[in-house]
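Side chains are part of it too, since the values below use all heavy atoms of this structure and drop only hydrogens, waters and symmetry mates. Chain letters run A, B, ... following the sequence lines, proteins first, then strands; residues in each count from 1.
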There are 2 protein chains.
Amino acid sequence: MTTTSPQGRTELLRPDGSPVRVLVVDDEQSITELLSMALRYEGWQIRSAGDGAGAVQTARDFRPDAIVLDMMLPDMDGLSVLGRLRRELQDVPVLFLTAKDAVEDRIAGLTAGGDDYVTKPFSLEEVVARLRGLIRRSGAADRRSESVLVVGDLTLDEDSHEVSRGGDGIHLTATEFELLRFLMRNPRRVLSKAQILDRVWSYDFGGQANVVELYISYLRRKIDAGREPMIHTRRGAGYLIKPAVPAVT
Amino acid sequence: MTTTSPQGRTELLRPDGSPVRVLVVDDEQSITELLSMALRYEGWQIRSAGDGAGAVQTARDFRPDAIVLDMMLPDMDGLSVLGRLRRELQDVPVLFLTAKDAVEDRIAGLTAGGDDYVTKPFSLEEVVARLRGLIRRSGAADRRSESVLVVGDLTLDEDSHEVSRGGDGIHLTATEFELLRFLMRNPRRVLSKAQILDRVWSYDFGGQANVVELYISYLRRKIDAGREPMIHTRRGAGYLIKPAVPAVT
DNA sequence: GAATTCCCTGAGAAAACGCTTAGGGGGTGC
DNA sequence: GCACCCCCTAAGCGTTTTCTCAGGGAATTC
């Protein structure tokens, strides 16, 4: 089931209308805090644990609809945590957090069961998107909930990563895609550069704030080029996307 | 829930009709007083604290709907205060106050959870607007509360920062926008130049008092130009905005 | 009706802000 | 190992915005 808030954001809900529950497991507290904040903002109910034992225990009575699980835990290795969690909650989808250099094939095996993974350092948009996908596919939320964002004649498919405007396919790089997704999930709403940076770039990004300007300009070149613009600058405030108003000629 | 006072101001209220509660945390007393006054004027219930320990303690039994938190506190740093506050009140939205130069350093993630921040020196209108936005989105107030101000045929959208009169879009600069917002939030009420200066300009503005006149004239040019005027001067008292009375011709 | 006070607005300087280009470095695939 | 693509830094440029200053006009007072 989905519902649309007054701001136009679409929320995932369980079939009985109660909020989706997510368990976050990571030993770094800053990570669990960051994730909890972001996921709560999605309207989900969050619990967190700092180690494997805590995770299993919390999972037992919290009965989450999805789990975010760091593969590197102090007390036991991610696999055995996973095993125990699965004993409690058989079908719950898991989003793994792994270091970039983690062994690929091991992860590949894990995600075969419909799970997914994200490498650290991640961006919040990425985690949220992956999680939404997992929950959607697991059937914990209404299956009809869509994975396609539409603003005007602009279309973005979160599953296939396809983007098109007015029927023409548009190729975007990974970062461009995430930026556009964030804009399109908040149409007609001014998003500050800080907000964009916090959601779209990884949490450890320490660079210049003008990357946002740069990527906005890339996006405009691909999306607005030669058409009525959809991406607008609010000087001193931020950017927003909205359906193009046909030129009155 | 929203209600409209006799003066025509729209107030945010909690779903049960009680006033919204806000906790203000800053070590400079002049700031907490300034903010407390301004926020009480919004019809909200305010408590303040001067350090992190006090903030956590006050939050515990005051149970605020939103928190204004200075990042620079004497006893502990803003983030650990945040952590403790969040342990007490999980979903409470936070508006951070930060120094301007601190923004670039290490404030990544502040807006990640739907929170927001304002840099010092700030204007009261900005703080109030941001807080209203946070409270609105957090669901502590009635979700139907709108983000659009309307006076006569003049319309101002706080989310998209769009302004239009009689259907025609009007482009305003950031300062013009804030001034108009302040006027429109107090329709049919005379606002003195001093009041306007205190609310719309940052508290450390040391310039000439006639900026207000200047910006009123800018606004008139954009909003009243060629139409029945909505912005009126009360000589010796101030300015007010009200729906235009159709010209009797 | 003259003086005074208050308000409005034009011009212009300084600063802030956003956009764009060029290029380096890292990673990936062939 | 080479070529390609992607991400980001850095710097320069043009534009927009903000504000000061000053002159003139309008309302008010005496």
Residue B/Leu214, side-chain atoms from C-beta onward, closest of D/dC19, D/dC21, C/dC19: D/dC19
Phosphate contact (D/dC21 OP1 or OP2) by B/Gln208 side-chain N/O below 4.0 Å: yes
Distance-only polar pair, side chains of B/Asp26 and B/Thr32, donor-acceptor under 3.5 Å: no
Stretch residues 230-238 of chain B: residues that reach within less than 4.0 Å of DNA chain C through a heavy atom: B/Thr233, B/Arg235, B/Gly236
Terminal helix-axis angle for the helix from C/dG1-D/dC30 to C/dC30-D/dG1, with five pairs defining each axis and rounding to 10 degrees: 30°
Pair A/Asp198-B/Thr111, side-chain donor/acceptor within less than 3.5 Å: yes
Short side-chain N/O contact from A/Lys193 to OP1 or OP2 of C/dC17, under 4.0 Å: no
Heavy-atom side-chain proximity of B/Ile241 to B/Leu154 below 4.5 angstrom: yes
Heavy atoms of other groups near A/Gln29 CD, more than 12 under 6.0 Å: no
Of the listed nucleotides C/dC8, C/dT20, D/dT9, the one nearest the side chain of B/Glu213: C/dC8
Qualifying residue, where the test is side chain to side chain contact (heavy atoms under 4.5 Å, CB included) with B/Leu95 and the options are B/Val127, B/Ile135, B/Asp115: B/Val127
Under 3.5 Å between N/O atoms: give me all the protein pairs with nucleotides 3-7 of chain D, atom names plus distance.
from	atom 1	to	atom 2	distance (Å)
D/dC6	OP1	A/His171	NE2	3.3
D/dC7	OP1	A/Thr175	N	3.2
D/dC7	OP1	A/Thr175	OG1	2.8
D/dC7	OP2	A/Thr173	OG1	2.6
D/dC7	O5'	A/Tyr215	OH	3.4

Phosphate contact (C/dC8 OP1 or OP2) by B/Arg220 side-chain N/O below 4.0 Å: yes
Salt-bridge criterion met for A/Asp70 and A/Lys120 (N-O under 4.0 Å): yes
B/Tyr239 OH - C/dC7 P separation (whole Å): 6 Å
Parallel, tilted or perpendicular, as decided by the 30° and 60° cut-offs, for the rings of B/Phe177 and B/His161: parallel
Residues B/Glu42, B/Arg199: salt bridge by 4.0 Å N-O rule: yes
Parallel, tilted or perpendicular: ring planes of A/Trp201 versus A/Phe205, cut at 30 and 60 degrees: tilted
B/Thr233-B/Arg220 side chain donor-acceptor pair, cut-off 3.5 Å: yes
